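These numbers were taken from a predicted model, which means no experiment stands behind them. Within every chain, numbering begins at 1; the chains are lettered A, B, ... in the order of the sequence lines, protein sequences first and strands thereafter. All values below come from the heavy atoms of this structure, side chains included, with hydrogens, waters and symmetry mates left out.
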Protein chains: 2
Amino acid sequence: MENILKTQAVAKPEVINMLKQKGISPTQQRVEIAQILFSKPQHLSADQVMGIVNNGEQRVSKATVYNTLGLFANKGLVREVIVDPTKIFYDSNIQSHHHFYNVDSGELTDIHAHTVQLNSYPELPEGTEADGVDIVVRLRNKKD
Amino acid sequence: MENILKTQAVAKPEVINMLKQKGISPTQQRVEIAQILFSKPQHLSADQVMGIVNNGEQRVSKATVYNTLGLFANKGLVREVIVDPTKIFYDSNIQSHHHFYNVDSGELTDIHAHTVQLNSYPELPEGTEADGVDIVVRLRNKKD
DNA sequence: ACAGCAGTTTAGACAAAGTCTATATTAATG
DNA sequence: CATTAATATAGACTTTGTCTAAACTGCTGT
């Protein structure tokens, strides 16, 4: 589990409101995790969240971290980003945008929605509806 | 490990040539796996390949299946598709194209390259070069 | 033919992310 | 405030994938 310093948090009442608006009861653990996630637009793995929330003392269990991140993603509070075959990243920015993924460093950065545009759209298979479009530009470090 | 029937294979000499052209020495195990992969355009997980190649008797070890698929991907013989957080799919079609991923069924299907087009392109971060663009349209089953 | 050698393959131990289960704790409700 | 429903927890477990050390394969040059 990574050990990362907790930076400035978001105001508690603000976060509590966000949760309530999505129909999530704001328990202590959920609020703590939400404060970390929404301190800024960022991409965190479950393990990283675990490390930040439990920096020093143990306050939230592994199961709760996983449950909570899954719940948040389900309710549309955060977005899952699947680019690394070994783990899920949770993106605190749910505005439409895409990602660069540096295969060498594991770094994940944003591509603003308007710099990439689809000008045509495939027909969806029978009986299905689109749930989202993910565009990932994979990067390598130049070695010149 | 899944147990799937092996369908019609590709001719051995043909596959051996493909491997040689990419600088891969065509060992028995590699040829067997390549014959399965290239029998048609498809998306298979390591576990599925394992199931097909070893249908009935055990002929290729787990380590070799993983090594071989990794090697093939590295040499550009197959393409890794990362859409399912629990496993990698290997796509035997390396032509430029994209994917539908049905979140409910786990089904992965192709989107022809020409039905989706990027009409602008983001600036790449300093010191990096693009390694590929993956577009994934996530689907859910309609429940009406 | 065959000793030596590099490249492969193998079984099984191991690692890491994530899930599950049964129990304990907390929060909500009347 | 007692009861009940919802959450949180520790730790066992599962799955995908990696690693390691030993065995095997098939060349090479003599």
Are the side chain of B:R140 and the backbone of B:V103 linked by a donor-acceptor contact shorter than 3.5 Å?
no

Find the distance [X]:[atom1] to [N]:[atom2] and express it as a whole number of Å.
X     : N      : atom1 : atom2 : answer
B:L69 : D:dT16 : CG    : P     : 14 Å
B:N74 : D:dG17 : CG    : P     : 16 Å
B:F72 : C:dT8  : CZ    : P     : 12 Å
A:M50 : C:dG18 : CE    : C1'   : 12 Å
A:L19 : C:dA27 : CG    : P     : 14 Å
A:L71 : D:dT7  : CG    : C1'   : 11 Å
B:I88 : C:dA17 : CD1   : P     : 14 Å
B:E32 : C:dT10 : CD    : C1'   : 15 Å

Of the nucleotides D:dG17, C:dG18, D:dA8, which has the atom closest to the A:Y66 side chain?
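Closest of the options to the side chain of A:Y66: C:dG18.
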
Compare the minimum distances between each of C:dG12, C:dG18, D:dA8 and the side chain of A:A46, then state the nucleotide with the smallest one.
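Taking heavy atoms from C-beta onward, the closest nucleotide is C:dG18.
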
Does the side chain of A:R30 reach to within under 4.5 Å of the side chain of A:I24, using non-hydrogen atoms?
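Yes, at least one pair of side-chain atoms sits under 4.5 Å.
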
Can you tell me if [X] touches the phosphate of [N], counting only side-chain N or O atoms and a distance under 4.0 Å to OP1 or OP2?
X     : N      : answer
A:T27 : C:dA27 : no
B:S25 : C:dT8  : yes
A:R30 : D:dA8  : yes
B:Q29 : D:dT25 : no
B:S61 : C:dT10 : yes

For A:T86, which contact category applies under a 4.0 Å heavy-atom criterion: base, sugar-phosphate, or nothing?
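Counting heavy atoms under 4.0 Å across all strands, the contact made by A:T86 is with sugar-phosphate only.
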
Between the side-chain atoms of A:K62 and the base atoms of D:dG11, is any donor-acceptor pair under 3.5 Å?
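Donor-acceptor pair under 3.5 Å: no.
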
Can you find a donor-acceptor N/O pair under 3.5 angstrom joining the side chain of B:K87 to the base of D:dG17?
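Looking at the base of D:dG17, it does not pair with any donor or acceptor on the side chain of B:K87 (distance under 3.5 Å).
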
Relative to each other, are the rings of B:Y101 and B:F89 parallel, tilted or perpendicular (30° and 60° limits)?
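Tilted.
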
By the definition side chain to side chain donor-acceptor pair (under 3.5 Å), identify the one residue from B:H97, B:Q42, B:R79 that meets it with B:D91.
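Between B:D91 and the candidates, side chain to side chain donor-acceptor pair (under 3.5 Å) is satisfied uniquely by B:H97.
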
Starting at the 5' end of DNA chain C, which residue's closest nucleotide do you reach first, B:N67 or A:Y90?
B:N67

Test item: side-chain donor near acceptor, A:D134 and A:H99, under 3.5 Å
no

